Amino acid sequence: MNFGYDETTKELAGRLSAFMDECVYPAESAFEEQAAESGWSAPPLLEDLKQEARRRGLWNLFLPGDHGGAGLTNLQYAPLAEIMGRSPAIAPAATNCAAPDTGNMEVLAQFGTDWQRKEYLEPLLRGEIRSAFAMTEPDVASSDATNIATSIARDGDEYVINGRKWFITGAMNPNCKIFIVMGLTDPDAPSHRRQSQILVPRDTPGLTVKRGMTVFGYNDGDHGGHAELLFEDVRVPADHLIGEQGGGFAIAQARLGPGRIHHCMRLIGMAERAVEMMCRRALGRSTFGKPIAQQGVVQDWIAESRVKIEQLRLLVLKTAWLMDTVGNQGAHTEIQAIKIATPIAVEWILDKAIQVHGAGGVSQDFPLAGLWAGARSLRFADGPDEVHKRSLAYRELKKYMSR
């Protein structure tokens, strides 16, 4: 396994790092100010950053294949996602590499029909609209997709959708024009063939975007928040079904594999920035007559942080390499491992960086509190830790069950 970055990755990483230094970091303060005034819409300056990213050839870097992306492998894209993760509110959106659009574009590219791609994938690739993925439900443990209760019932040439979803990222943004909805189409089918995914335009009668949900008090309004949705006899044409009826679980698994790579590498970027901030703060502040950097406990935190980052990066790069060489199924164990290990380790690193910053660390004057909230919430997103541990443990035990 050779994880040395190839020339394409090095060249793009150089351009992306320059974009971060010259455009993204200098815009962070103004972005926060505009976000406080822009409600659920993106801050206006984001459009200028998007145009600049396109001009620099830093656009749709996440998408492989022949549908308008950069055509990078997972291993090539992973280091770029790490760089973007250093400013997670701005950089992914500025380069059109932000979730949930990335996963939705991958679904449409892989499973969509020609008209579905033309109607929704193409404007998403151009950055003209946003999208959301409606899976999580408040009334069931929807980390187990077989529990999904929202119904998608065939009625002639239409499907009728009824149910309630929540924490649907991006849905409060008025520019979120399309929802991919996961629901139950056949309750009598085998457990992993009961679900389907279907496209529901925002303006469809019966669809109500009820409210935005906060995450540790943050509304994440700059990228459209996390909404509660109500579907009441929502009717869409049958050709809005993605793939085949009963294929929803398989589509979800295909969507989540690359998404977990993206999340984990962005988290590593967040951790790198936290260590940088922790070191600068420790060197610049004194307590009890000496710099904080000379305190043994702070040195321990810095050393442990570096070890954790290096371990995590290698594991995520190994996972990306396996996905490229043997596919998502062949990398199943590693995908689960990075999803278990990365958020909790980065949460620990951010916690220590906050501690070094004292009261300022939990304030709006530094990005650490927001980064911590994002890392902590990712221990739920794409499946909670406990579900991944259960599945991973079963795979380990299975090796010995026939012995």
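Every heavy atom of this structure was used, including side-chain atoms; hydrogens, water molecules and symmetry mates were not. Just so you know, these numbers come straight off a predicted model, no measurement behind them.
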Is [X] salt-bridged to [Y], cutoff N-O under 4.0 Å?
{"X": "Glu276", "Y": "Arg281", "result": "no"}
{"X": "Glu386", "Y": "Lys389", "result": "no"}
{"X": "Glu22", "Y": "Arg15", "result": "no"}
{"X": "Glu304", "Y": "Lys352", "result": "no"}
{"X": "Arg193", "Y": "Asp186", "result": "no"}

Measuring from atom [atom1] of [X] to atom [atom2] of [Y], what distance do you get when rounded to the nearest 0.5 angstrom?
{"X": "Leu350", "Y": "His357", "atom1": "CG", "atom2": "NE2", "value": "11.0 Å"}
{"X": "Asn147", "Y": "Gln195", "atom1": "CG", "atom2": "CD", "value": "9.5 Å"}
{"X": "Trp166", "Y": "Asp139", "atom1": "CH2", "atom2": "CG", "value": "8.5 Å"}
{"X": "Ser143", "Y": "Ile148", "atom1": "OG", "atom2": "CD1", "value": "9.0 Å"}
{"X": "Asp385", "Y": "Lys339", "atom1": "CG", "atom2": "NZ", "value": "6.0 Å"}
{"X": "Leu49", "Y": "Cys23", "atom1": "CG", "atom2": "SG", "value": "6.5 Å"}

Does a side-chain heavy-atom distance below 4.5 Å link [X] with [Y]?
{"X": "Asn219", "Y": "Trp40", "result": "yes"}
{"X": "Ser87", "Y": "Arg273", "result": "yes"}
{"X": "His240", "Y": "Tyr159", "result": "no"}
{"X": "Tyr25", "Y": "Asp21", "result": "yes"}
{"X": "Lys118", "Y": "Asp114", "result": "no"}

Heavy-atom pair with the smallest gap, counting every atom of [X] and [Y]:
{"X": "Ser196", "Y": "Glu244", "answer": "OG-O, 4.3 Å"}
{"X": "Ile178", "Y": "Pro201", "answer": "CD1-N, 3.5 Å"}
{"X": "Ser305", "Y": "Val275", "answer": "CB-CG2, 3.7 Å"}

According to side-chain contact (heavy atoms from CB on, under 4.5 Å), who are the partners of Pro258, at least two apart in sequence or on a separate chain?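 Checked Pro258 against side-chain contact (heavy atoms from CB on, under 4.5 Å); matches are Asn74, Glu106, His262, Met323, Asn328.
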
Qualifying residue, where the test is side chain to side chain contact (heavy atoms under 4.5 Å, CB included) with Val316 and the options are Glu82, Met265, Arg260, Glu334: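 Among Glu82, Met265, Arg260, Glu334, the one that satisfies the side chain to side chain contact (heavy atoms under 4.5 Å, CB included) with Val316 is Met265.
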
Atom CD of Glu52 with >12 non-hydrogen neighbours under 6.0 angstrom: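 Above 12, so yes.
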
So does Arg390 have more than 12 non-hydrogen atoms from other groups sitting under 6.0 Å from CZ?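 Atom CZ in Arg390 is not packed in, count stays at 12 or less.
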
If you apply the rule side-chain contact (heavy atoms from CB on, under 4.5 Å), what do you find for Glu310 with Leu314, and how did you get there? CA-CA 6 Å; Glu310 297 304 321; Leu314 284 173; 5.7 Å; no

Can you pull the salt bridge (charged side-chain N to carboxylate O under 4.0 Å, His left out) pairs that have at least one residue in residues 141-152, sequence neighbours excluded?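 Passing the test, one end in residues 141-152: no pairs.
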
For Arg164, which of Glu137, Glu228, Glu232 qualifies under salt bridge (Lys or Arg N to Asp or Glu O under 4.0 Å)?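 Single salt bridge (Lys or Arg N to Asp or Glu O under 4.0 Å) partner of Arg164 among Glu137, Glu228, Glu232: Glu228.
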
Looking at Phe216, is Arg376 sitting on its ring face, NZ or CZ under 6.0 Å from the six-membered ring centre and within 45 degrees of the normal?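 Cation-pi check for Arg376 and Phe216: fails.
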
